[in-house]
Amino acid sequence: MSDSSTTHAGAIPETFIRHRSVMVVLAHGALFAISLLAAFLLAYNFRFVIGQAGGGYVWFDDLYLPLLAIALPLKLLVFYVAGQYRGSWRYVGLRDLFGVISASLVGTFFFLTAYFLLENGWHRTFGYALIDAWPTQNLRQSAVFVLDWACTIVFVSTARIGVRFYYEDLQAGQAVNPRRMLICGAGDAGEAVLRELLRVGEHHCVGFLDDDAQLHARIHEVEIVGRTGEIREICEEHNVEEVLIAIPGAPPRFIRDLVKKCHGTGVLFRTMPVVTDVIEGRMQVSQIRDVNIDDLLGREKVQLDVALIGAQLKGRRVAVTGAGGSIGSEMCRQIAAFGPLRLVLIEQAENSLFEIDRELRSSFPDVDIIPYVADVADRRRVDALFAA
């Protein structure tokens with residue numbers, strides 16, 4: 001096993017995972033210090049003078065450091081109470097950014113309140129200002145507090161967005177030979193699955209298809225390239241390998257039409273969960289699946305009462321005609337699983353009958369299986385079978 005401090009591409013250092021809480025607090029502390037420093041630089045037009053009275057802009061030692069001592073613990077505490085240290089920066093979204101804005105506003109309020117309470121209390125107790133280089137009448141005083149609030153939002157949000165950008169764009173761009181995918185549906189579900197595909201990086205989305213959206217509009221820099229009726233031409237033009245139907249609850253007729261239009265192109269069709277699954281939990285690539293027969297049926301799938309069927313078949317003699325065909329052979333497998341007394345296989349094609357007979361004897365050795373070569377249209381042959 002490699003050392004805990006070593007990493008590989010796309011992995012999070014184990015040291016960071018073990019001490020995540022401490023690292024997150026330290027990162028926020030550094031961002032708060034940088035935000036206050038940026039506020040001072042903006043308020044004083046980037047005139048940076050340390051330890052001298054040149055031009056009256058001595059603010060780093062006399063103003064910045066004392067105020068940082070007040071602001072830092074207050075902001076760290078407010079962000080902790082607001083739960084800002086628990087969120088995952090990798091999946092930051094608008095709700096997280098609104099949380100940063102709210103926590104920054106509350107933190108600045110307590111920062112401003114604490115400063116004036118300390119300043120007034122110190123002045124009344126000792127007769128002089130706690131921060132005498134910053135008279136109350138100075139207009140830059142109010143500007144620094146407002147700028148600090150804005151800079152806190154900007155720096156904290158930028159740091160979180162930067163982490164997400166790294167995982168979704170920089171790291172995802174390292175994928176080798178990603179499969180070319182076309183997304184059918186430029187709605188909320190399509191946008192959600194595109195974000196997940198960008199994060200994973202295993203697919204390259206060539207565009208969207210949508211009948212209602214505006215053509216050539218962009219979602220996360222991916223263009224809406226056409227309507228669903230143009231799917232075959234677009235697939236051929238862009239060398240599409242997979243089509244993802246990102247329309248939860250799409251009617252079977254719609255899916256059948258898409259599959260039919262691309263017949264012979266070798267394009268793989270895939271679909272995604274129903275919209276409630278996307279809303280209740282994060283969309284994941286693992287939830288995307290191939291289009292199956294249930295998606296193409298024009299009716300709801302019939303749910304069989306397996307217990308009742310088993311009670312009817314167990315211990316009885318059952319005959320299956322066309323036992324070597326695709327439907328008949330599957331019926332034989334299902335029936336044999338219920339343990340009939342005898343399973344009679346009737347099939348006119350000898351090869352097919354031989355294959356299913358051998359398979360059933362291997363899978364269900366306890367079932368008495370009798371194969372017959374016969375044509376159900378031959379009445380005398382069928383009568384002879386049932387008389388046996």
Side-chain angles (χ1 to χ4, degrees), residues 91 93-94 164-165 168-169 172-173 175-303 326-327:
Y91 304 111
L94 286 178
R164 177 171 175 175
F165 174 77
E168 291 193 356
D169 290 86
V176 179
N177 297 325
R179 295 181 63 82
R180 299 177 64 81
M181 175 176 282
L182 179 68
I183 299 179
C184 183
D188 292 339
E191 187 273 338
V193 75
L194 175 60
R195 279 192 284 109
E196 184 67 9
L197 292 175
L198 291 174
R199 182 185 69 83
V200 175
E202 296 178 355
H203 293 77
H204 169 65
C205 183
V206 302
F208 284 94
L209 292 181
D210 200 292
D211 293 333
D212 299 325
Q214 179 181 358
L215 289 180
H216 308 302
R218 288 176 174 267
I219 300 176
H220 301 310
E221 298 303 316
V222 176
E223 188 175 302
I224 299 175
V225 294
R227 313 294 187 190
T228 56
E230 305 167 335
I231 184 171
R232 186 183 184 91
E233 294 79 7
I234 292 173
C235 287
E236 293 176 346
E237 178 183 353
H238 295 276
N239 297 320
V240 174
E241 299 175 84
E242 297 182 12
V243 173
L244 173 63
I245 302 174
I247 307 176
R253 180 186 296 274
F254 175 79
I255 300 177
R256 286 200 306 270
D257 289 342
L258 291 180
V259 175
K260 185 177 180 180
K261 288 175 182 177
C262 291
H263 179 70
T265 61
V267 174
L268 174 65
F269 278 85
R270 311 187 77 181
T271 187
M272 58 186 297
V274 296
V275 68
T276 52
D277 294 336
V278 179
I279 294 174
E280 294 174 0
R282 181 173 174 81
M283 178 63 211
Q284 298 179 356
V285 171
S286 60
Q287 293 176 303
I288 299 173
R289 57 175 175 81
D290 295 342
V291 170
N292 57 38
I293 188 64
D294 296 330
D295 300 313
L296 303 177
L297 291 174
R299 55 175 174 79
E300 292 294 326
K301 182 172 62 175
V302 176
Q303 299 294 336
S326 58
I327 297 176

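The structure displayed is predicted, hence computed values, not measured ones. For this chain, numbers begin at 1 and follow the sequence in order.
- Identified under the salt bridge (Lys or Arg N to Asp or Glu O under 4.0 Å) test for residues 235-252, with sequence neighbours left out: R179-E241, R179-E242, R232-E236, E242-R270.
- Within the 4.5 Å cutoff, no side-chain heavy atoms of V267 are placed close to those of L182.
- Here the side chains of C184 and I231 are not in contact, with every heavy-atom distance at 4.5 Å or above.
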Acceptor/donor pairs from residues 244-251 side chains to any protein atom, 3.5 angstrom cut, sequence neighbours excluded:
none

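- Separation of atoms CD (E221) and SG (C205) is listed at 12.5 Å; rounding is to 0.5 Å.
- A distance of 4.5 Å separates CG of L209 from CD1 of I234, quoted to the nearest 0.5 Å.
- Residues forming a side chain to side chain donor-acceptor pair (under 3.5 Å) with D211 (at least two apart in sequence, or on another chain): T228.
- Atoms CZ and CZ, on R256 and F269 in that order, are 13.5 Å from each other to the nearest 0.5 Å.
- Rounded to the nearest 0.5 Å, atoms CZ (R227) and CD (E233) are 14.5 Å apart.
- A 4.5 Å side-chain heavy-atom check between T265 and C235 finds every atom pair outside the cut-off.
- Annotation: the span from H238 atom NE2 to M181 atom CE amounts to 15.5 Å, rounded to 0.5 Å.
- Closest approach of A186 to D210, counting heavy atoms only: N-OD2, 2.7 Å.
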